2 protein chains.
Amino acid sequence: MKSARSVKVDRRPLDWRAADVLREQILSGKLVPGQRITEAALAAQLEVSRGTLRAALRSLAHEGLIEQVAYTKWRLPELSNGDAWELYTLRGMLEGMAAHLAAQHRTQDCVVTLTAAFERLVTAVASRRHARVAEADLALHKTIVAITGHQRLIDQYHLLEQQVCHYIVHSNALIMDLNQIVSEHEPIVRAIIAGDAVKAERLARAHNAPEVERAAAAMAQEQVEPATEPPIRTTRSKQRPKAATRARKAA
Amino acid sequence: MKSARSVKVDRRPLDWRAADVLREQILSGKLVPGQRITEAALAAQLEVSRGTLRAALRSLAHEGLIEQVAYTKWRLPELSNGDAWELYTLRGMLEGMAAHLAAQHRTQDCVVTLTAAFERLVTAVASRRHARVAEADLALHKTIVAITGHQRLIDQYHLLEQQVCHYIVHSNALIMDLNQIVSEHEPIVRAIIAGDAVKAERLARAHNAPEVERAAAAMAQEQVEPATEPPIRTTRSKQRPKAATRARKAA
DNA sequence: AGATTGGCGATTGTCAACAATCCGCTTGAC
DNA sequence: GTCAAGCGGATTGTTGACAATCGCCAATCT
């Protein structure tokens, strides 16, 4: 309803648009974790040159949605329980910080925006449609982050959110109690509006605790019964080895 | 002393190495904020093709060390007091989280590594050489992050640290009281070793508070006397507009 | 005089050919 | 039978040429 004015021509570079398409495919589950990706095939499918597609893949790699093994291949990461633990602990921290800042620096506009987002969640729950609830849930959290005006926090949260979505899509962890959704979010919103930064932070952080514990429990379970495979090492850590400490020396 | 074995040939792709060189140039202050960068000139200087250099620039852009204005130019960002506030608030949060996790999941190895890093800081202070102290200071914080084993936290902190270095280099904010350095870090290290996660987190977060307040005060000062320029907007926020919420719809 | 339009130079965006690298397999020796 | 060396195919890395776009400046019109 509000998109009528913003569909101009899309002058953005081709690789950004290609990255958008791939992001959507990954986040929608069209591409499955572990799947190998070849540049030539994807480039042909999207009808762009290999160089352009390459730039798009690099973007996604920086966002953590894809992995690169140099000289060898591209691959969608397989998100383990350990990854889930990392994602949710980080998310809890960022959302806690966002709630804290939001409560501290709230303005009239912020309160209005936040209230509206919360109302949409309530409406979604009333509709009993899980997809809409999930969307409104994410939107509410995103709103809390957005009203802080902390651009780097917003960017960080955006990247993390994408990975969380990627994880959710491939772990059928969508089960949620519709009746609890509202009562779980309401205190956070109230604390922010009331300006109680410490309480808002504590609540927002606690909001992620169940998922953190579930992931931790699943990890412990794996230790006991390593039936599937030895621990899967993501190549993420090898992408940029030792580069920051050396830079200091030149200063 | 330990680099003898790791200088093999460096088979990493050329664009990664080019990115390393540029990173070092930026972090060492060789390139100044606001400076324009043209692909052709830099490519010629580094003796790589434009496409390769382009990939390197894109990497740095993702790391926040450089900005791109599509179809127009590349530019080194000018870090305002607002940026400093963002950097140090985020850093405080990440370091707080790291200290918390480090205290929780500490092992024998962790304690040894941490103690060694702290000892190096003490030695550096004793030498009265500011550069060495600054290096050891950063290294200690990095160690706290590293021993958490939280790969995503480590990556995030690394990116943030680079931007902090970039800021420090261009804001002559290196003044520090050598006598306070040790007494400021010791409680944090002790709390981690003692396993007091809550205390460690609180101390680590408080450690960044002075810089946060300084930046906030400077921002307030700007508001009163906008002698220089109207607020500088980084183009960072415009790089990737509205892309995540839409992706949800497809799910 | 002021505003608008068109062209010009510089810079970035895109592409397709060429080179370098890796993985799996065969081949051969011991 | 086992292991190592080497070959072949597939895939990524790199490059230079070509196309698209932008900002600026001058010429033109009102």
Side-chain angles (χ1 to χ4, degrees), chain A residues 8-23 26 31 34-62 65-77 232-236 238-241 243, chain B residues 8-23 26 31 34-62 65-77 232-236 238-241 243:
Chain A
K8 295 175 184 174
V9 173
D10 200 351
R11 295 188 178 284
R12 289 184 313 160
L14 194 50
D15 50 0
W16 288 16
R17 280 175 280 168
D20 286 345
V21 173
L22 290 179
R23 233 191 311 268
I26 293 174
L31 302 173
Q35 179 171 352
R36 178 169 185 180
I37 289 176
T38 59
E39 295 178 358
L42 248 190
Q45 182 188 320
L46 296 184
E47 293 183 331
V48 296
S49 93
R50 237 191 75 214
T52 302
L53 178 96
R54 210 176 149 71
L57 287 178
R58 282 176 152 279
S59 267
L60 297 181
H62 275 287
L65 290 178
I66 205 172
E67 283 177 349
Q68 176 172 34
V69 186
Y71 295 106
T72 304
K73 61 187 172 183
W74 297 87
R75 181 180 47 179
L76 266 76
I232 299 169
R233 281 245 167 276
T234 66
T235 46
R236 159 182 296 275
K238 297 179 63 177
Q239 283 198 10
R240 269 177 253 106
Chain B
K8 296 172 185 174
V9 174
D10 201 351
R11 296 189 177 286
R12 291 184 311 160
L14 194 52
D15 50 358
W16 289 15
R17 282 175 280 166
D20 286 345
V21 173
L22 290 179
R23 233 190 311 270
I26 293 174
L31 302 172
Q35 179 171 352
R36 179 170 185 180
I37 289 176
T38 59
E39 295 179 358
L42 248 190
Q45 182 188 321
L46 297 184
E47 293 183 334
V48 298
S49 91
R50 237 191 75 215
T52 302
L53 177 95
R54 212 177 148 70
L57 288 177
R58 282 177 148 280
S59 268
L60 297 181
H62 275 286
L65 290 179
I66 205 173
E67 284 177 349
Q68 177 173 36
V69 185
Y71 294 107
T72 304
K73 59 185 171 183
W74 297 86
R75 181 182 44 180
L76 267 76
I232 300 168
R233 282 243 166 276
T234 66
T235 44
R236 159 183 296 274
K238 294 179 69 177
Q239 283 199 10
R240 269 177 251 104

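Bear in mind the structure is a predicted one, so any value in this text is a computation, not a measurement. Letters A, B, ... mirror the listed sequences (proteins, then strands); counts begin at 1.
Electrostatic pairing of B:Asp15 and A:Arg54 does not count as a salt bridge here, judged by no charged N lying under 4.0 Å from a carboxylate O.
Protein chain B touches strand DNA chain C; the 5'-most and 3'-most nucleotides with an atom under 4.0 angstrom of its non-hydrogen atoms are C:dT11 to C:dT14.
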Exercise. How far apart are the C-alpha atoms of B:Glu39 and B:Leu57, what are their side-chain angles, what is the distance that settles it, and do they pass the side-chain contact (heavy atoms from CB on, under 4.5 Å) test?
Worked result: CA-CA 9 Å; B:Glu39 295 179 358; B:Leu57 288 177; 4.1 Å; yes
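Distance alone, capped at 3.5 Å, is enough to place a donor-acceptor pair between the B:Thr72 side chain and the B:Ala70 backbone.
Residues satisfying the side chain to side chain contact (heavy atoms under 4.5 Å, CB included) test with A:Ser49, not counting sequence neighbours, are A:Thr52. For A:Gln45, the side chain to side chain contact (heavy atoms under 4.5 Å, CB included) test picks out A:Gln25, A:Leu42, with sequence neighbours left out. For the side chain to side chain donor-acceptor pair (under 3.5 Å) test, no residue two or more places apart in sequence or in another chain qualifies with A:Arg36. Shown here are the salt bridge (charged side-chain N to carboxylate O under 4.0 Å, His left out) partners of A:Arg17, two or more places apart in sequence or in another chain: there are none.
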For this session: Could you run through nucleotides 10-21 of chain D and give me one letter per nucleotide, 5' to 3': B if any protein heavy atom sits under 4.0 Å from the base, S if only the sugar-phosphate is that close, - if neither?
Result: -SBBBBS----S
